Amino acid sequence: MTMKLYYAPTMNPRKACAVAKYLGSPVDYVRVDLARGEHRSPEFLALNPNGKVPLLIDGDLHLWESTAIMAHLAVKAGSDLWPAEAARQVEVLRWMSWDLCHFSRHGGTLYFEHHIKPMIGLGEPTQAAVDEANGFYKRFATVLDAHLAQHAYLVGDKLSIADFGVGVLLPWANEARLPIDGFANIARWHERLMALPAWREPFPEPLPVAA
C-alpha cells in the first residue's frame, strides 16, 4: 500500500524524506505550503492536530514526529537503519534524544534566526539568541566530534536513522551560519552522508508553477 508523506523543504521533513528516498519506500509526497498556512488549514489539522510537518499516513496510522516516521519506514522496509539488536536500538535512541535536546536544538535556533527569519520576512536575527545558540552548539559539537574520531557512523559503525537525524542541519551549515569550523571529524562524517544521493537531494522535484 502506498503511503503519503506530507512535507515542506525544511529541517525536520528533510529527515523523513531522506530516509524514504534511501529506502525506496512506496510513498506519495504531498508538499505543504507553509508560507500560505496550509499546515494550519482545517483539512490538515484533521490529519495532524499539531499543524506540523512531516506527517506520514500509512493506512489508518497517522504518524507525526520525524524520528518516529524514520523508525517506522525502516521497520516497514526491514532495514538495519533501525537496528534489530536491542543494544543498538538503545544507542540510536540515545543519540536521537541527545540531538533533539542539545545539538539540533541549538543548531535549529541558528537555522531559524539566520535562514528562516529572512526567508519569511521576520526581520533581523536576535543577537542574544544567536550568541547563546553558538555557545551551546560548539559545546555539543565537541562531544559529537570526539565520538566520530573513533567511529565512521554514530551507532556501531553502521548507518542508522541516528545519522539522518543528527546530521540534518549540516546541509544548511552556510545558511544557518553553524559554527562547525575546526570539527574535522564531523566534516568527514558529513562527507560520507553527502555521498548518498538520498541525503544530497532528499526532496522530490517541486511541482511546476501553474501558468
Side-chain angles (χ1 to χ4, degrees), residues 4-21 27-57 62-70 96 99-141 164-181 183 186-187 190 193-194 198-211:
K4 286 188 177 181
L5 179 55
Y6 292 77
Y7 78 100
T10 53
M11 175 181 167
N12 285 315
R14 189 181 211 285
K15 306 174 196 177
C17 289
V19 169
K21 187 171 182 179
V27 162
D28 285 338
Y29 295 89
V30 182
R31 183 166 179 167
V32 178
D33 191 332
L34 303 182
R36 297 179 61 184
E38 290 180 356
H39 57 303
R40 295 190 298 270
S41 69
E43 294 80 10
F44 187 78
L45 290 172
L47 302 175
N48 180 3
N50 297 293
K52 303 268 188 184
V53 286
L55 166 68
L56 182 74
I57 295 183
H62 290 196
L63 188 62
W64 59 76
E65 300 304 322
S66 56
T67 299
I69 291 171
M70 288 192 294
M96 296 299 296
D99 178 62
L100 294 171
C101 291
H102 304 302
F103 192 57
S104 283
R105 172 189 171 188
H106 299 294
T109 297
L110 298 173
Y111 171 76
F112 175 75
E113 293 291 337
H114 290 304
H115 184 54
I116 298 298
K117 262 189 171 181
M119 187 167 63
I120 60 178
L122 290 181
E124 295 296 314
T126 302
Q127 194 58 48
V130 168
D131 291 343
E132 180 181 57
N134 272 325
F136 278 116
Y137 192 84
K138 285 187 279 190
R139 171 184 167 186
F140 293 110
F164 285 84
V166 176
V168 69
L169 280 171
L170 295 179
W172 286 294
N174 291 334
E175 293 86 346
R177 302 183 197 176
L178 300 181
I180 57 172
D181 289 346
F183 295 106
I186 292 177
H190 194 241
L193 295 179
M194 288 298 285
W199 185 253
R200 289 196 309 273
E201 297 178 2
F203 299 115
E205 290 293 322
L207 295 173
V209 176

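As the structure is a prediction and not an experimental result, all values here were calculated from the model.
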Where do [X] and [Y] come nearest, in terms of heavy atoms and distance?
{"X": "Pro179", "Y": "Tyr137", "result": "CD-CD2, 3.5 Å"}
{"X": "Phe112", "Y": "Leu122", "result": "CZ-CD1, 4.0 Å"}
{"X": "Gly167", "Y": "Trp199", "result": "O-CZ2, 3.2 Å"}
{"X": "Leu56", "Y": "Ile69", "result": "N-CD1, 3.8 Å"}
{"X": "Gly165", "Y": "Asp99", "result": "O-OD2, 3.4 Å"}
{"X": "Ala20", "Y": "Leu5", "result": "CB-CD2, 4.2 Å"}

Could you give the distance from [atom1] ([X]) to [atom2] ([Y]), rounded to the nearest 0.5 Å?
{"X": "Met119", "Y": "His114", "atom1": "CE", "atom2": "NE2", "answer": "14.5 Å"}
{"X": "Asn50", "Y": "Glu65", "atom1": "CG", "atom2": "CD", "answer": "6.5 Å"}
{"X": "Phe183", "Y": "Leu178", "atom1": "CZ", "atom2": "CG", "answer": "11.0 Å"}
{"X": "Cys101", "Y": "His106", "atom1": "SG", "atom2": "NE2", "answer": "9.0 Å"}

Residues Val168, Asn12; criterion side chain to side chain contact (heavy atoms under 4.5 Å, CB included); working and verdict: CA-CA 8 Å; Val168 69; Asn12 285 315; 5.5 Å; no
Ser66 and its side-chain contact (heavy atoms from CB on, under 4.5 Å) partner, picked from Lys52, Lys15, Met96: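 Between Ser66 and the candidates, side-chain contact (heavy atoms from CB on, under 4.5 Å) is satisfied uniquely by Lys15.
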[Y] and [X], any side-chain heavy atoms less than 4.5 Å apart:
{"X": "Trp64", "Y": "Pro49", "result": "yes"}
{"X": "Pro171", "Y": "Leu193", "result": "no"}
{"X": "Asn48", "Y": "Tyr6", "result": "no"}
{"X": "Pro202", "Y": "Lys21", "result": "no"}
{"X": "Leu34", "Y": "Val53", "result": "yes"}
{"X": "Arg177", "Y": "Asn134", "result": "no"}
{"X": "Tyr111", "Y": "Ser104", "result": "no"}
{"X": "Leu169", "Y": "Leu110", "result": "no"}

Sidechain-backbone polar pair: Glu38 side chain, Asp33 backbone, donor-acceptor under 3.5 Å: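 Yes, the answer is positive, given that a donor and an acceptor are paired below the 3.5 Å cut-off.
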Mutual orientation of the aromatic rings belonging to Trp172 and Phe203 [parallel < 30°, tilted 30-60°, perpendicular > 60°]: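 Tilted: the ring planes of Trp172 and Phe203 meet at 30° to 60°.
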Aromatic ring pairing His102/Phe140, orientation class (parallel under 30°, perpendicular over 60°, tilted between):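 Parallel.
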Side chain to side chain contact (heavy atoms under 4.5 Å, CB included) evaluation trace for Phe44 with Leu55: CA-CA 10 Å; Phe44 187 78; Leu55 166 68; 4.0 Å; yes
Pairwise salt bridge (Lys or Arg N to Asp or Glu O under 4.0 Å) hits with a residue in residues 110-139, at least two apart: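 Counting only pairs at least two positions apart or across chains, the salt bridge (Lys or Arg N to Asp or Glu O under 4.0 Å) contacts touching residues 110-139 are Glu113-Lys117.
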